[in-house]
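Notes follow once the structure below has been shown.
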Amino acid sequence: MSDISDTLHDPKPPRHGEPPLVVAPESRLFATRASRFAELETRFVDMAPFLAFNAHLARAQHRTLKDQAGPTFAAQSFQVALEHGFPPLAPSALLETLTWREDLDALRQTLDAALAADGERFAAQRHLLSQLESLPEETLDSIVGAIIGQQGVPAQARAVAPLVGAALQVSWTRQAHALAARLTRPQGAAQGLCPCCGMPPVASIVQLGRHRSRVRYLVCGLCATQWYLERTRCSHCFDAEKLDYIGAEGPDGKRALPIRAESCGACHASVKLMDREWEADTDPFADDIATLGLDMLLEEQGYVRAGFNPLLAFAGEPT
Ligand SMILES: [Zn+2]
Ligand SMILES: [Zn+2]
């Protein structure tokens with residue numbers, strides 16, 4: 001198999017010193033996220049068990065990403081999509097090709113061993129893992145369809161859906177790692193969707209560091225690719241006139257995390273914005289979960305959550 005990163009054509013490489021338009025997920029992405037969950041666990045005592053579980057889950061994602069090989073593709077497999085400006089890792093095209101079932105199996109086993117080693121604290125979650133193992137194939141497929149289609153997950157499957165979402169993240173991140181840096185930012189109506197897989201962002205992040213200091217990127221909820229979008233524009237409808245930034249203050253008038261939601265008066269969508277200048281270790285997935293209170297505030301104010309986080313299962317129609 002040829003190496004994708006060597007052979008793909010990059011339509012517009014950034015000039016020296018300019019921020020990159022697309023940033024591939026880092027290889028230690030899930031390990032870094034696990035550390036962030038563990039840190040947030042000490043700051044959000046009320047949510048500590050949930051955050052601790054997510055730290056275990058992110059560690060298991062890291063192990064699965066490292067230990068499982070995944071399929072390899074020749075560069076030309078993606079060439080047609082790239083030439084026509086389509087996201088090459090669109091889930092609708094790759095669900096039968098990527099090895100997410102194997103990743104889910106490996107993730108479940110790794111996570112179960114880690115939870116067992118943590119005593120009785122996670123007995124309920126271990127029960128969930130055994131349910132997942134015996135889930136009928138068609139139920140698993142319907143959970144995946146609901147996650148990818150961003151529909152609510154059926155009530156009886158809601159508890160296991162984040163585990164399935166975590167496995168999908170591993171499978172797509174593995175491919176995006178080799179591919180994303182070769183892409184350019186999406187255009188037109190697609191500029192709010194991941195150039196690599198076409199899914200929406202979990203949140204946006206204002207970066208620090210050489211070449212990209214103070215630059216805003218959207219972060220894909222599925223494959224964690226980052227892509228540039230001007231800070232002054234709504235990441236959902238791209239309106240530049242009616243943006244507001246809303247944060248949730250606690251009873252002491254301070255925010256537990258310095259996170260605001262970019263909220264748009266034109267389309268009423270709301271996406272969280274994390275700023276590395278205020279909180280250098282912020283992780284869009286972990287910090288999104290730790291600030292679910294902000295989502296409730298936004299809903300009360302008439303905004304619709306637009307962030308896509310497969311580690312959260314939102315309610316669907318009961319079936
Ligand atoms: Zn993506
Ligand atoms: Zn908007």
Side-chain angles (χ1 to χ4, degrees), residues 4 20-27 29-30 33 61 65 70 73 78 81-82 85-95 97-98 100 103 144 147-150 165-205 216-246 260-273 284-285 288 298 301-311:
I4 290 164
L21 298 175
V22 178
V23 181
E26 293 165 3
S27 58
L29 169 91
F30 295 115
R33 185 175 306 162
Q61 284 179 294
L65 182 72
F73 296 99
F78 300 114
L82 290 169
F86 298 130
L89 297 183
S92 53
L94 289 181
L95 264 185
T97 312
L98 293 195
W100 62 269
D103 285 329
V144 170
I147 293 170
I148 297 301
Q150 300 160 72
L168 295 175
Q169 285 185 332
V170 171
S171 303
W172 262 261
T173 300
R174 182 185 291 119
Q175 301 302 328
H177 179 65
L179 191 59
R182 294 283 156 182
L183 302 172
T184 192
R185 67 184 289 205
Q187 304 294 317
Q191 56 193 306
L193 299 175
C194 174
C196 202
C197 74
M199 295 300 286
V202 56
S204 66
I205 189 160
R216 185 270 279 270
Y217 291 88
L218 301 177
V219 183
C220 177
L222 182 61
C223 76
T225 293
Q226 298 182 26
W227 68 102
Y228 168 73
L229 184 71
E230 292 83 354
R231 277 177 79 178
T232 53
R233 295 170 60 195
C234 167
S235 55
H236 196 66
C237 75
F238 321 122
D239 182 87
E241 306 293 327
K242 295 182 180 169
L243 275 188
D244 194 8
Y245 295 91
I246 299 171
R260 296 171 303 168
E262 174 193 275
S263 307
C264 177
C267 71
H268 301 286
S270 181
V271 178
K272 289 174 187 168
L273 177 75
F285 293 87
D288 178 33
L298 293 163
Q301 297 190 18
Y303 292 106
V304 177
R305 178 188 161 96
F308 166 61
N309 189 343
L311 300 177

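Counting starts at 1 for both ligands and their atoms, following the listed order. Computed over heavy atoms, backbone and side chain alike; hydrogens, waters and symmetry mates excluded. For this chain, numbers begin at 1 and follow the sequence in order.
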Rounded to the nearest 10 degrees, what's the angle SG of C194 makes with SG of C197 at the Zn ion (ligand 1)? Could you check?
110°

So, H236 and the Zn ion (ligand 2): N/O/S under 2.8 Å, yes or no?
no

Non-hydrogen side-chain atoms of L273 and S204 separated by less than 4.5 Å
yes

Can you tell me if H268 has an N, O or S atom under 2.8 Å away from the Zn ion (ligand 2)?
no

With a cut-off of 2.8 Å, does C223 put an N/O/S atom close enough to the Zn ion (ligand 1)?
yes

Do other residues, nucleotides or ligands put more than 12 heavy atoms under 6.0 Å from F238 CZ?
yes

Near Q301 CD, under 6.0 Å, is it more than 12 heavy atoms from other residues, nucleotides or ligands?
yes

Please examine the side chains of S263 and L298, heavy atoms only from C-beta on, and report whether any two atoms are closer than 4.5 Å.
yes

Rounded to 10°, how big is the angle at the Zn ion (ligand 2) from C234 SG to C264 SG?
110°

R260 side, atom CZ; D244 side, atom CG - distance, nearest 0.5 Å:
9.5 Å

